[in-house]
Amino acid sequence: GVDAAIAYFAPKGYSLSEALHGSAGALASFGEAVFTHDFEGIDEFHNRSMQGHYGRLLQFAGESGEFWAAQLDERGFWGTAGEFVRAMYWWVSLDGVKPYKIVDRWPIGFK
């Protein structure tokens with residue numbers, strides 16, 4: 001019932017069942033990597049997430065991870081930490097904006 005209501009009212013890609021399916025896939029991939037030291041499953045899960053196979057929320061999480069990994073490579077730890085703090089100030093300033101609208105307006109670099 002709850003998933004049907006969320007799926008009906010939420011934009012495409014935000015259903016609870018998609019997020020739970022993706023979360024279960026993530027846990028299985030992570031467990032496989034921990035026990036077998038084979039990270040191929042995590043890479044496959046990440047690629048599928050980035051393509052939207054597990055809904056928009058997990059796609060956004062993958063895109064965010066890619067962004068912050070690039071920041072870490074480019075700026076180092078402390079530069080990335082400062083950028084993260086600026087991003088959080090920006091996020092808090094978006095009073096009344098729906099989360100799915102934020103994804104569409106996500107600034108590059110948070111300057």
Side-chain angles (χ1 to χ4, degrees):
V2 173
D3 183 40
I6 291 172
Y8 181 77
F9 290 108
K12 182 170 175 37
Y14 289 87
S15 79
L16 186 60
S17 64
E18 286 175 313
L20 292 175
H21 175 70
S23 299
L27 288 173
S29 298
F30 182 73
E32 178 186 6
V34 166
F35 292 112
T36 66
H37 304 285
D38 179 7
F39 296 92
E40 189 174 317
I42 288 178
D43 290 336
E44 179 64 27
F45 173 80
H46 179 67
N47 291 335
R48 290 180 59 81
S49 292
M50 294 287 286
Q51 295 169 0
H53 288 275
Y54 303 114
R56 186 70 178 116
L57 294 175
L58 288 178
Q59 182 179 11
F60 176 65
E63 291 168 355
S64 298
E66 292 285 329
F67 174 82
W68 289 111
Q71 294 299 305
L72 192 59
D73 287 344
E74 181 181 317
R75 300 168 185 238
F77 178 79
W78 292 113
T80 302
E83 189 75 6
F84 184 77
V85 168
R86 284 191 294 280
M88 291 301 100
Y89 278 117
W90 172 82
W91 185 279
V92 171
S93 73
L94 296 174
D95 187 35
V97 177
K98 302 277 190 259
Y100 62 90
K101 296 287 186 189
I102 293 171
V103 172
D104 298 333
R105 298 184 332 163
W106 195 263
I108 304 299
F110 302 101
K111 306 251 184 226

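Not measured: the values here are computed from a predicted model.
Taking the six-membered ring for Trp and the full ring otherwise, F30 and F45 have centroids separated by 6.0 Å or more.
Both M88 and W68 are members of a single hydrophobic cluster when ILVMFWY side chains are connected at heavy-atom separations under 4.5 Å. Using a 4.5 Å cut-off between side-chain heavy atoms of Ile, Leu, Val, Met, Phe, Trp and Tyr, with links allowed through other members, F67 and L72 fall into different hydrophobic clusters.
By the side chain to side chain donor-acceptor pair (under 3.5 Å) test, E32 is found to be paired with no residue, residues two or more places apart in sequence or in another chain being considered.
Residue I42 comes nearest to A33 through the heavy atom pair CD1-CB, 3.5 Å, listed as atom of the first residue, atom of the second, then distance.
Taken from CG in D38 to OG in S29, the straight-line distance is 10.5 Å, to the nearest 0.5 Å.
Judged by distance alone, with hydrogens and angles left aside, the side-chain atoms of T80 form a donor-acceptor pair with the main-chain N or O of Q71 at under 3.5 Å.
Counting only heavy atoms from C-beta outward, the side chains of M50 and E63 approach each other to under 4.5 Å.
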